[in-house]
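Let me begin by presenting the structure, written as structure tokens, before commenting on it.
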Amino acid sequence: MVNIYQNILQAQKEGKKLLAVLIDPEKIELQNILSFFEKVHQSIATHIFVGGSTDVNNEIEAVVSEIKKATKLPVILFPGDVSQITNKADGILFLSLLSGRNPEYLIEQQVKAVPLLQKTKLEIIPTGYILIDGQKETATQKVSNTKPISQSDIELIKNTALAGEFSGKKAIYLEAGSGAKVPVNATIISLVKDNLKIPLIVGGGIRSKKQLDAAFNAGADLVVIGTAFENDESFFNQIKK
């Protein structure tokens, strides 16, 4: 079995930048998955994340099953809650929402997930999840009932990331949120990266090659983009292999 985390560490060591495409099970039609992956495979994408803040119609298992038929890229769950766990994927970001103080998303959802995860062979990657203000209220804010950290509060962001590392997280995820008007600032990425020893994931609001390069150049080990590139031909052409 592919060890997802070891591969991320190896890429970090070699200075190879990774790109994940995030697929929201509520926003993709099953019949469109095969054609969507024809585009993904033409791009520099290295990983597939699947998940969203909600999954009202329990689409996650069906969506992941179709994705696994369409690609050999590692498929990693990015769950909004315990209901979004399926053994059809390869791994899971075991998220703790470190930027908020709602125990439901710091530890309670994680406790509820244990009986399910014990029955799977998913590779579990403990991840500190830090919501950064992207100048738009996100679904994560509404669902978790927490506020993001202001991009001007750079020391708090750094210290929250380090608290995650010191408490044993294997990765830190700086997230401006789906549909963010502005992505995480390069200065923030650089400061966090300079202080972390573990891999840094950055996502939210990245809709252009310029923004993608800015995140990579600032030190992000893995950048996450949504499916928006499917409809943005110029962005897609810039991230082709």
Side-chain angles (χ1 to χ4, degrees), residues 19-28 36 45 48-57 59-60 77-81 84 93 95-102 104-106 109 127-161 164 171-193 200-220 222-236 238-239:
L19 180 68
V21 176
L22 172 60
I23 295 173
D24 187 331
E26 287 191 333
K27 294 177 182 174
I28 195 162
F36 175 71
I48 304 300
F49 286 0
V50 186
S53 296
T54 58
D55 182 20
V56 176
N57 297 317
E59 298 282 355
I60 190 86
L77 298 176
F78 174 59
D81 60 34
Q84 294 182 38
L93 296 182
L95 300 167
S96 290
L97 183 58
L98 302 182
S99 53
R101 297 296 179 264
N102 183 347
E104 185 67 31
Y105 294 92
L106 268 172
Q109 283 288 325
T127 304
Y129 188 55
I130 302 174
L131 199 57
I132 308 294
D133 186 7
Q135 296 183 11
K136 178 186 175 184
E137 187 180 25
T138 63
T140 304
Q141 283 176 248
K142 293 174 187 172
V143 171
S144 67
N145 196 26
T146 65
K147 290 184 177 179
I149 302 176
S150 168
Q151 299 217 26
S152 64
D153 209 339
I154 192 164
E155 279 294 306
L156 178 58
I157 295 169
K158 179 200 77 173
N159 291 342
T160 304
I172 294 295
Y173 194 144
L174 300 180
E175 167 75 291
S178 176
K181 290 182 180 177
V182 293
V184 181
N185 188 287
T187 306
I188 294 169
I189 298 170
S190 293
L191 181 68
V192 172
K193 178 61 180 174
L200 178 61
I201 304 169
V202 177
I206 295 171
R207 297 186 193 83
S208 70
K209 181 67 161 49
K210 184 178 179 182
Q211 290 172 325
L212 178 63
D213 287 342
F216 280 142
N217 292 336
L222 190 156
V223 172
V224 184
I225 61 172
T227 56
F229 82 88
E230 184 183 19
N231 300 316
D232 186 342
E233 206 62 35
S234 63
F235 184 22
F236 171 68
Q238 289 179 319
I239 61 169

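Position 1 is the first residue of the sequence; numbering continues from there.
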Please check if the side chain of [X] supplies one atom and the backbone of [Y] the other of a donor-acceptor pair under 3.5 Å.
{"X": "S99", "Y": "I130", "value": "no"}
{"X": "D133", "Y": "P148", "value": "no"}
{"X": "N217", "Y": "D213", "value": "yes"}
{"X": "R207", "Y": "G226", "value": "no"}
{"X": "Q151", "Y": "N185", "value": "yes"}
{"X": "Q109", "Y": "Y105", "value": "no"}

How many angstroms lie between [atom1] in [X] and [atom2] in [Y], if you round to the nearest 0.5 Å?
{"X": "F229", "Y": "Q238", "atom1": "CZ", "atom2": "CD", "answer": "13.0 Å"}
{"X": "L191", "Y": "I154", "atom1": "CG", "atom2": "CD1", "answer": "4.5 Å"}
{"X": "L22", "Y": "K27", "atom1": "CG", "atom2": "NZ", "answer": "9.0 Å"}
{"X": "I132", "Y": "T160", "atom1": "CD1", "atom2": "OG1", "answer": "8.0 Å"}
{"X": "L156", "Y": "S150", "atom1": "CG", "atom2": "OG", "answer": "9.5 Å"}

Can you tell me if CG on N145 sees more than 12 non-hydrogen neighbours from other groups inside 6.0 Å?
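For N145, atom CG is not crowded (no more than 12 foreign heavy atoms under 6.0 Å).
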Taking every non-hydrogen atom, the tightest pair across [X] and [Y]:
{"X": "V192", "Y": "I157", "value": "CG2-CG2, 4.0 Å"}
{"X": "A218", "Y": "A186", "value": "CB-O, 3.5 Å"}
{"X": "P25", "Y": "G52", "value": "CD-N, 4.2 Å"}
{"X": "A45", "Y": "V21", "value": "CB-CG2, 3.8 Å"}

Could you tell me if the side chain of [Y] sits less than 4.5 Å from the side chain of [X], heavy atoms only?
{"X": "F236", "Y": "D232", "answer": "no"}
{"X": "F36", "Y": "E230", "answer": "yes"}
{"X": "V56", "Y": "E26", "answer": "yes"}
{"X": "L93", "Y": "L77", "answer": "no"}
{"X": "L174", "Y": "Y129", "answer": "no"}
{"X": "L222", "Y": "F49", "answer": "yes"}
{"X": "I23", "Y": "I48", "answer": "yes"}
{"X": "I225", "Y": "F235", "answer": "yes"}

In a check of side-chain contact (heavy atoms from CB on, under 4.5 Å) between K193 and each of I172, L200, I188, which one passes?
L200
By the definition side-chain contact (heavy atoms from CB on, under 4.5 Å), identify the one residue from T146, L97, L98, L95 that meets it with L106.
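That would be L98; it is the only one of T146, L97, L98, L95 passing the side-chain contact (heavy atoms from CB on, under 4.5 Å) with L106.
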Report the C-alpha distance between V224 and V202 in whole Å, list the side-chain angles of each, state the deciding distance to 0.1 Å, and finish with yes or no for side-chain contact (heavy atoms from CB on, under 4.5 Å).
CA-CA 6 Å; V224 184; V202 177; over 6 Å; no
Identify every side-chain donor-acceptor pair in residues 135-142 under 3.5 Å, counting partners at least two apart or on other chains, and give the distances.
from, atom 1, to, atom 2, distance (Å)
T138, OG1, Q141, N, 3.3
T140, OG1, S53, OG, 3.4
Q141, OE1, T138, N, 3.1

What do the steps show when you test I149 against L131 for side-chain contact (heavy atoms from CB on, under 4.5 Å), and what is the final call?
CA-CA 6 Å; I149 302 176; L131 199 57; over 6 Å; no
